[in-house]
Amino acid sequence: MRCEYCGKELKSDAIFCTACGKKQEKLVKKITPLFCTNCGNKLKEGDGFCTSCGAKVETTEVIDSAFVEPQQVAPTQQAPTSQAEETQMPDANRASVQKSSGNSVQKNTSSAKEQGKQKDSNGSSKKVLIIVVVIIFFLLLCALGFMFLYNNVLNSDEDRIEKDYDDDDDEDDDKKEEKSTEADEATTEAATEATTEAEEDKEEVKADYDLTDKADITIEGTFSESNSGDYIIKLAQNLSFKDGDTFLEDIKSVRIDMSDLDYKINDHASKGDVIKITGQGYTQDDKVYIKAKTVLDDEGKDISETEELDGDYIIENSSRELLTEDDIKDLSLKELNYAKNEIYARHGRKFASKELQDYFNSKDWYSGTIEPEDFSDYSLNDVELANAKLLKDREYALDPNGYPLDK
C-alpha cells in the first residue's frame, strides 16, 4: 500500500508513513471492545464512554483492509478483516486472520468478564456490610426499648408496691411523728433560705447614705419640728440609709442631735428655713439621726453667726410653733396687727403702710426686698399660715375694722 499523503510504498500493516511520518487515517480502523474494561458493561460500536460507569472506552487500532491494495497484502499478514477479503484470501491465511481476531476479541471479552466479576464481588461485600450494620442497629433499638420499659413500667410497679406498703404503715405513730418533724424542718429551712435571700437582696440595693464607716455626711432640707418635739430636717426627697446590718429606706426626715453644738439651732433659725447640716449619722429605733457639727443657712453662711431670735420680736416663736388663744389673749389690738405682719416681715415683705414699714425698718433682723404686690403666701410654712390666721381672727374679734394703721 502507499502513503495517502506522500505516496511512499508502505508495508500493509504500517500505521505511520516511514517517509513523512504522518498517520494513515484512512487505513486505520478503531475497534470498540464488546465490554467495558472498568465495570463489564456491554458496549456498542462507536461508544466513546461507558454508559454505565462513564469510563473512557479504549479502542484498538488495526489496518482497515478496505483501503489496502490487494496485490500488496502478503499471504501471511493478519490485516484483512472484512468478509469479502477473507473469501479472497487463501484458506491458511484466512484461518490465521480469524484466529488472531478471535483471540483479540476473546481477550477483551475475558478481561471485561473478570472486571464484571470483581465488581459483583465488591457489590456483594458492600451488601453484606450494610446488612450487618442494620442488624446491629436493630439490636441496639431492642436494647433501648427494653431499658425504657424496665425504667417506666417495671420500676413504676415496684414504686407502687412500695407506696402501698408505706400507706399501710402510715398508721404507725412513730412514722407520723417522724414525717411531722421532717416537714417542720423543711418549713424552717425554707423560711431560713427565704430570709437569707431577702437579706442578700437588701444588701445588694445600694443605699443613698452608708453610715457604717461613721464618716461625716451632709444633709440639706427644711428646719422643722416633729410631733414628738424633736427638731428635724425635712428632706426634699425620700432617701435610704444603711448602718451595718440595718437598712432603712423611704426616710422623709432626719432628727437633729445638737449635743456637740455650743448653741441651739432654733435660736438662730425659724421653722421652714432651709439649712444644711454636716455631722456623723447613725440609726436608732429605726430612725435616722445626725450629730450636727456645722449648720449653714440657705446662703451657705454658718447659722451660729446670725443674730439670735430675741425680744426684738413681738412673738419670737411664731414662725416655728403653733400659737394658742392663751398665747395671744393679753395682746392689744395694735400688737395683734404687728405680730401678724411680723410673720410676713421675716420673709422680706415690704409694706404699703408707712407705720408698718418704719416699725420693721427699725429691726436689725428685717430686710425688706419683696414689694407688697409681689409677695405670696406660698413662701410661708404651715405653722406661719396657721398663726397668721389666728392673730387676724383675734384682731377682728376685738374690733370688726381691725387695727387702724397710720393713725
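Keep in mind the model is a prediction, meaning the values are calculated, not measured. Heavy-atom basis, side chains included; hydrogens, waters and symmetry copies ignored.
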- Query: Who are the ring pair (Phe, Tyr, Trp, His ring centres under 6.0 Å) partners of Tyr359, not counting sequence neighbours?
  - Reply: Tyr338
- Applying the side-chain contact (heavy atoms from CB on, under 4.5 Å) test to Ile135, which of Val133, Ile131, Val132 qualifies? Ile131
- Do the side chains of Lys234 and Ile232 get nearer than 4.5 Å, heavy atoms only? yes
- Could I get the full list of salt bridge (charged side-chain N to carboxylate O under 4.0 Å, His left out) partners for Lys389, not counting sequence neighbours? Asp393
- Message: Tell me every residue that passes ring pair (Phe, Tyr, Trp, His ring centres under 6.0 Å) with Phe351, counting only those two or more places apart in sequence or in another chain.
- Response: Phe360
- Which pairs count as salt bridge (Lys or Arg N to Asp or Glu O under 4.0 Å) when at least one residue sits in residues 253-263, sequence neighbours excluded? Asp230-Arg255
- Qualifying salt bridge (Lys or Arg N to Asp or Glu O under 4.0 Å) pairs, either residue in residues 330-341, two or more places apart: Lys340-Glu395
- Rounded to the nearest 0.5 Å, what's the gap from CD on Glu373 to NZ on Lys350? Could you check? 9.5 Å
- Item | Residues forming a salt bridge (charged side-chain N to carboxylate O under 4.0 Å, His left out) with Asp216, sequence neighbours excluded | Lys293
- Could you pull out all residues at least two apart from Lys354 that satisfy salt bridge (charged side-chain N to carboxylate O under 4.0 Å, His left out)? Asp358
- Message: My understanding is that only residues two or more places apart in sequence, or in another chain, count here; which of them pass side-chain contact (heavy atoms from CB on, under 4.5 Å) with Thr369?
- Response: Ser367
- Message: Checking the side chain of Asn387 only, and the main-chain atoms of Ser318 only, is there a donor and an acceptor separated by less than 3.5 Å?
- Response: yes
- Task: With sequence neighbours excluded, tell me which residues meet side-chain contact (heavy atoms from CB on, under 4.5 Å) with Ser379.
- Result: His347, Phe375
- Query: Which residue pairs satisfy the ring-ring contact (aromatic ring centres under 6.0 Å, His included) criterion with at least one member in residues 284-303, sequence neighbours excluded?
  - Reply: Tyr282-Tyr289
- Message: Between Asp302 and Ser304, is there a side-chain donor-acceptor contact under 3.5 Å, judged purely by atom types and distance?
- Response: yes
- Message: Could you tell me if the side chain of Asp374 sits less than 4.5 Å from the side chain of Arg349, heavy atoms only?
- Response: no
- Query: With a 4.5 Å limit on heavy-atom distance, are the side chains of Leu336 and Tyr403 in contact?
  - Reply: no
- Residue pair Thr324, Asp326: steps toward the side-chain hydrogen bond (donor to acceptor under 3.5 Å, both in side chains) verdict: CA-CA 5 Å; Thr324 64; Asp326 290 339; 5.0 Å; no
- Applying ring pair (Phe, Tyr, Trp, His ring centres under 6.0 Å), name anything that partners Phe49, two or more places apart in sequence or on another chain. none
- Task: Give, for atom CG of Asp273 and atom OG of Ser224, the distance between the pair rounded to the nearest 0.5 Å.
- Result: 10.5 Å
- Message: Restricting to salt bridge (charged side-chain N to carboxylate O under 4.0 Å, His left out), what partner residues turn up for Asp243, sequence neighbours left out?
- Response: Lys214
